[in-house]
Q: 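Shown below is the structure under consideration.
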Amino acid sequence: MKTGVFFCTCGNTSSIDYKRLAKTIRKTAKPEVVEVLDDLCQDNGLYHLISDIRSKDLERVLIGCTFKNRIFEEIEGNPADMMFVNLREHCGWVHEKKDATIKAERLVDLALNSKRPVPERLSIPVGKDILIIGQDYVFPIVNRLTDKANVSLLLNEPDRKMQQYDIPVYIGSVQNVSGKIGDFSVDISIDHPVDFDKCTSCGKCIQVCPKNAIDPSLRFNTSCDQCGKCVDVCPVDAIDLHRNISSTINCGQIVVTDPKWTHLNKFGIHTSQDQPGALMAAMDALAYSGTVIKDGTLSVRDKGCAAGKSEIIGCTMCESVCPHDAIKRVKDNIVFDAAACMGCGTCTSICPVSVPQLQAYPDDLIYSRTDILLQGKDKLSPAVVMFTCDLEGLGALDRAGEEHLTYPPALPVYVPCINAVHESHILNAFNSGADGVILLGCEDCTHKTAMDPTTNPTINAVLAAVNLKERFAVINVDPQHPETLVHQLTDFTSTLTPRKSKIKTPDLVKGDNKRSVLVDLIASMSADICGSSIKGDLPFADITINNKCTFCTACMNMCPSGALNKVDGKILFNYSLCTACGLCEKACPEKSITMEKLFDAARLLDPAITLYEPEMVKCKKCGKPYTTSATIAHLTAKLAKDSAKVELLQYCPDCRPVKAIEKGLLEKFI
């Protein structure tokens, strides 16, 4: 593919050594053309860009400039494959010359050698039914939507302005929200005395009230003594002073103007904190009405899923942490709702065996991007990888660049949310040469769940096991205050020294199962393993079996990961494969299995061990081993009142009929 690379010095305001950068890219990427211009986005620069695209017949173009992508995307003859790297705000305006140049080389190399997969496109029917849950500033929103959608309004208390609109109005509070975009159900409680579907706003109730307890908006204040005169005078029976009913509103989308919203948060529910935000939320809802085209988020493979089997519930990790209610349990299976999923990646990071994967950010892409950033002839010192949220984390980097705030040159790996980053991503960065790893996320993350990277037990246990916990940090930022990022990043980096451990080749990481990748990484870093096992709520477990085991193999049949196997009359256990789902323990009919959740890095490298070797009972007649002593003990206890049958248990299935005939016990045997 013919490639052109174009760099802009932004009027020589950038600290990057563009001469060196261009030379390096010519040598490593071998593009058709490399241009360095002072003002690429102006007429002269665009002329050079267009001329080279035409004369060199370029199929791919990389623009190393700032965030003004639109200018280049709109040029005539724009190639289908156009890439952008913000070298100004992320390198040239925030780092010294050497660091800025090395980082720029790594970012350009990454852009030229790594491309995100294209997610599938989903068409979701949404309809035009929109419920607005309102505050006192809701009416301009209603005004904008009523002509374009089927609007319903839910208010905490009545407002006189609601009488201006011919729409369904409910006075009450939300009790529960369920469903997904295009099919939401909102359960509400209505305790206002007036039924506004019936009310004609005649005002007779106001006139007759002796306590002046009813205002023109039909609010009832505390002076109401429930005398009932308003009820008697109402010509349409719209007033019930003891009215308390439940109702359900069905809609395709919800616009929430309540900053204290605590109910469902998922695609199709547009929340806001203030009036400008509410207007934006309403416009989003209007844009989605009818049919919405949405990028697919997850690819799912069933292999290894430990959700359940034979109506026994096993692993509940992904469904318990999903912040958007997009994961449901259907009997033994986990179902991922593509319409509700927002692609935060929390489920992909918590699943021990990578059942779900982000379509746009699969594990192998994150591994390879990390490796590319850490390769190259010249290294940053210290080398810091920063997994960066592509919303507020990226926004903070942009803002820091705009304000020319200087900070250490951390190498960004963009992810949809830092909750998508798991232990194998972090360990791979260290394995490929990082001296430190940072997760840069949002101060007010919309995906916040129990899966907080700051306290994530698995990440902390893995890093502690290889003595790297002090080289890891989580920074949450507000894009409006990039100085927080600068201070925390500077403080963290100042504590780092170059790692002494030998760096392994990045080619080590392969496969789509993060557990197998983790085992390979731990093996690569085996010299750094320290400490003993760590107990906690972890997807690793030790299994023990006591002598009550009858060797029925129920545990092995239930195990979805292959951690338990029967070989040569023994039960073997592979610690590295166990995900602590608990199915074996729950399925054991004799309750002879005990599972203890713990992480032991050294045991990940051990081969399968003999977990249980039953004591075999030999046939009293032929001497052949035929069952376990636990089985005999179990059956003996069960048949204790029938001594004849108990005696026959001493013989193998082949000899038992003969012995029964000899003793005249055939009827007992049968």
Q: Could you tell me which non-hydrogen atom of A360 sits nearest to which non-hydrogen atom of P362, and how far apart they are?
A: C-CD, 3.4 Å
Q: Counting only heavy atoms not in Q226, do more than 12 fall under 6.0 Å of its CD?
A: yes
Q: Step by step, work out the side-chain contact (heavy atoms from CB on, under 4.5 Å) result for L155 and F196.
A: CA-CA 12 Å; L155 299 172; F196 287 94; over 6 Å; no
Q: H422 and side chain to side chain donor-acceptor pair (under 3.5 Å): which single residue from D363, T346, N456 fits?
A: D363
Q: Regarding R121 and D295, does a basic nitrogen lie under 4.0 Å from an acidic carboxylate oxygen?
A: yes
Q: Under 6.0 Å between the ring centres of H192 and F220?
A: yes
Q: Between the side chains of H324 and D337, does any donor sit under 3.5 Å from an acceptor?
A: no
Q: Above 12 or not: heavy atoms from other molecules or residues under 6.0 Å from CG of D166?
A: no
Q: A quick test of your reading: do over 12 heavy atoms of other residues, nucleotides or ligands sit less than 6.0 Å from CZ of R144?
A: no
Q: Among V233, I214, D215, find the residue that satisfies the side-chain contact (heavy atoms from CB on, under 4.5 Å) test when tested with I206.
A: I214
Q: Does atom CZ (R160) have a neighbourhood of more than 12 heavy atoms from anything else shown, all under 6.0 Å?
A: no
Q: Look at the rings of H404 and W93 and say which category their plane angle falls in: under 30° parallel, 30 to 60° tilted, over 60° perpendicular.
A: parallel
Q: Minimum heavy-atom separation for E402 to E89, with atom names?
A: N-CG, 3.7 Å
Q: So for atom NZ, which belongs to K591, do other residues, nucleotides or ligands contribute more than 12 heavy atoms lying within a distance under 6.0 Å?
A: yes
Q: For a quick test of reading the model, state the closest non-hydrogen atom pair linking L298 to C347 and the distance between them.
A: CD1-SG, 4.0 Å
Q: Heavy atoms only: give me the nearest P539-R515 pair and the separation to one decimal.
A: O-NH2, 2.7 Å
Q: If you count the non-hydrogen atoms of other residues, nucleotides and ligands that lie under 6.0 Å from CD1 in I313, is the total more than 12?
A: no
Q: Might you confirm whether atom NZ of K597 has over 12 heavy atoms from other residues, nucleotides or ligands at distances under 6.0 Å?
A: yes
Q: Heavy atoms only: give me the nearest S349-N419 pair and the separation to one decimal.
A: OG-O, 2.5 Å
Q: Taking atom NZ of K586 as the centre, does the number of heavy atoms from other residues, nucleotides or ligands within less than 6.0 Å exceed 12?
A: yes
Q: Which heavy atom in V169 sits nearest to a heavy atom in I171, and how many Å separate them?
A: CG1-CD1, 4.1 Å
Q: Say you draw a straight line from CG of D225 to CG of L241; how long is it, rounded to the nearest 0.5 Å?
A: 9.5 Å
